[in-house]
Amino acid sequence: MSKLKITLACWNYDRTRALADGSVQPEGIDLNYLNLPVEETFFRMLRQREFEAAEMSLSSYTVSLFSKDRPFIAIPAFPSRFFRHSCIYVNAASGIREPRDLVGKRVGNPEYQMTAPAWIRGILSDEYNVPARSVTYFTGGEEEPGRPEKIKLDLPPEIRVRRIGENQTLSAMLANGEIDALYTARTPSSYAGGGGRVKRLFEDYAGVEKDYYRRTRIFPIMHTVVIRRDVYEQYPWAAQSLYKAFCAAQRETYRDLEETAALKIMLPWAMAHFEEARRELGDDYWAYGFERNRDTLATFLRYHHEQGLSKKLLLPEELFAPETLESFKI
């Protein structure tokens, strides 16, 4: 019997390696795994819808739900999660010493709708009284000029977003003081090579992030996995097959991290870090599935709405294929 052929674009994560090498195979699916960096995957899926399934920015996917054709539907697998306190960079001469100093400043975001800056803006608003409307945002390439928003945005007037010049980059602008801060996903080159002109807002970011988790129980979700809606409507069973396969691949990674006979990753104290992660976040600290992540998703959707990216406040249930929201019991 022939299997459904699906091309999945996704980066080469440890938690998806078993899908890439074929040791975990989705039921009824002949999977073609394309190892692509996230920026390329998102651009090609959002602009051209090239793949049957793909890793997707949680924010970009949420924006897409307000388009007329709603081109994608997600499954509750989350290949990327990241505490983003470490990803707020400031110009050392800007006078920004604490989060509240960001109010009234010029802040770079490679794209306003990116998931990482959306989380950062929300956390700064909730935790430090820095509302999204209190700064002016500058968008464009972080390291290369000319980066556009992948999705057309229709933002309320109180959200001030400006495009940088066609030959400018946010990393250089931050070092030169043309912007005061940068919320981003990738470490800007001007942080490591800027001679001290760029620094992190939270230099002790790990401690700040642990405190944030202890108080909120939120481990921010960056990416989900989407299926093109035309594929899902023809083969609705594929959503559950892909979801189960992502879960199986992730369980293999947990087993690898528990292994002490030989280290499977190149970190000398990997076991100590693994044990600490479980102490702080629980045994299944990178949880997939809907119920375990409902509150985190609800928080993100609130941020998305408050920042003008969602036309209405969505419920977490509205993000995912309904078949993946529950499972059978024996």
Side-chain angles (χ1 to χ4, degrees), residues 59 62-63 82-142 147 149 153-165 168-188 190-191 194 196-213 215-216 218 220 222 298-310 313:
S59 177
T62 305
V63 172
F82 209 115
F83 292 104
R84 289 296 183 185
H85 295 72
S86 65
C87 299
I88 306 171
Y89 297 89
V90 300
N91 179 279
S94 66
I96 299 172
R97 301 290 178 264
E98 59 183 41
R100 186 70 184 151
D101 295 333
L102 288 161
V103 171
K105 295 297 195 291
R106 303 160 297 174
V107 177
N109 293 181
E111 297 178 44
Y112 181 77
Q113 62 83 35
M114 275 176 63
T115 306
W119 272 110
I120 290 168
R121 293 189 298 261
I123 290 168
L124 287 170
S125 179
D126 273 5
E127 301 276 309
Y128 302 102
N129 195 25
V130 183
R133 64 182 182 277
S134 68
V135 307
T136 300
Y137 301 100
F138 291 81
T139 63
E142 182 173 325
R147 177 173 178 168
E149 295 276 358
L153 302 179
D154 181 18
L155 299 171
E158 64 268 21
I159 303 296
R160 300 182 300 277
V161 179
R162 310 282 186 264
R163 288 287 299 163
I164 64 175
Q168 292 180 300
T169 67
L170 293 172
S171 180
M173 291 175 71
L174 182 61
N176 296 335
E178 296 172 89
I179 57 175
D180 304 298
L182 174 61
Y183 309 162
T184 186
R186 292 183 179 269
T187 304
S190 54
Y191 174 72
R197 291 179 294 170
V198 174
K199 64 178 186 176
R200 282 191 169 100
L201 177 61
F202 298 105
E203 292 294 353
D204 178 28
Y205 59 85
V208 174
E209 290 167 353
K210 289 174 188 176
D211 176 70
Y212 169 78
Y213 180 79
R215 289 184 293 101
T216 66
I218 290 173
M222 296 294 125
T299 298
F300 176 79
L301 292 173
R302 174 171 62 84
Y303 291 165
H304 213 255
H305 181 56
E306 291 172 350
Q307 295 169 26
L309 288 164
S310 293
L313 179 60

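In this text the structure is predicted, and so the values were computed from the model without any measurement.
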For the residue pair Trp119 and Phe300, categorise the inter-ring angle as parallel (less than 30°), tilted (30 to 60°) or perpendicular (more than 60°).
tilted
Please report the shortest heavy-atom distance between [X] and [Y], naming the atom on each side.
X	Y	value
His304	Ser59	NE2-OG, 3.0 Å
Arg160	Thr136	NE-OG1, 3.1 Å
Asn109	Leu182	N-CD1, 4.2 Å
Gln307	Ala132	CG-CB, 3.9 Å
Ile218	Phe83	O-CE2, 3.2 Å
Leu174	Asn91	O-ND2, 2.7 Å

Rounded to the nearest 0.5 Å, what separates atom [atom1] in [X] from atom [atom2] in [Y]?
X	Y	atom1	atom2	answer
Thr169	Asn176	OG1	CG	8.5 Å
Leu153	Glu111	CG	CD	8.5 Å
His85	Phe202	NE2	CZ	5.5 Å
Met114	Thr139	CE	OG1	11.5 Å
Leu102	Ile88	CG	CD1	7.0 Å
Ile179	Ser171	CD1	OG	8.5 Å

With no hydrogens and no angle check, do the side chains of [X] and [Y] hold a donor and an acceptor under 3.5 Å apart?
X	Y	result
Glu142	Thr184	yes
Ser125	Tyr303	no
Gln168	Glu178	yes
Arg106	Tyr137	no

Taking the side chain as everything from C-beta on, heavy atoms only, tell me whether [X] gets closer than 4.5 Å to [Y].
X	Y	value
Pro99	Leu201	yes
Tyr183	Val107	yes
Tyr112	Leu309	yes

Using the side chain to side chain contact (heavy atoms under 4.5 Å, CB included) rule, take Val90 and Asp180 through it: C-alpha gap first, then chi angles, then the decisive distance, then the call.
CA-CA 6 Å; Val90 300; Asp180 304 298; over 6 Å; no
Looking only at atom types and distance, does a side-chain atom of Asp101 sit under 3.5 Å from a main-chain N or O of Glu98, one as donor and one as acceptor?
yes
Under the criterion side-chain hydrogen bond (donor to acceptor under 3.5 Å, both in side chains), which of Lys199, Arg197, Arg200 is the partner of Tyr191?
Arg200
Would you check if the distance from the ring center of Phe82 to the ring center of Tyr205 is below 6.0 Å?
no
Determine, step by step, whether Phe138 and Val161 satisfy the side chain to side chain contact (heavy atoms under 4.5 Å, CB included) criterion, reporting the C-alpha distance in whole Å, the side-chain angles of both residues, the deciding distance to 0.1 Å, and the verdict.
CA-CA 6 Å; Phe138 291 81; Val161 179; over 6 Å; no
If you measure from the Lys or Arg side-chain nitrogens to the Asp or Glu carboxylate oxygens, is any gap between [X] and [Y] under 4.0 Å?
X	Y	value
Arg302	Glu306	yes
Glu209	Arg84	no
Asp211	Arg215	yes

The test is side chain to side chain contact (heavy atoms under 4.5 Å, CB included); show your working for Ile123 and Tyr212 and say whether it passes.
CA-CA 9 Å; Ile123 290 168; Tyr212 169 78; 3.7 Å; yes
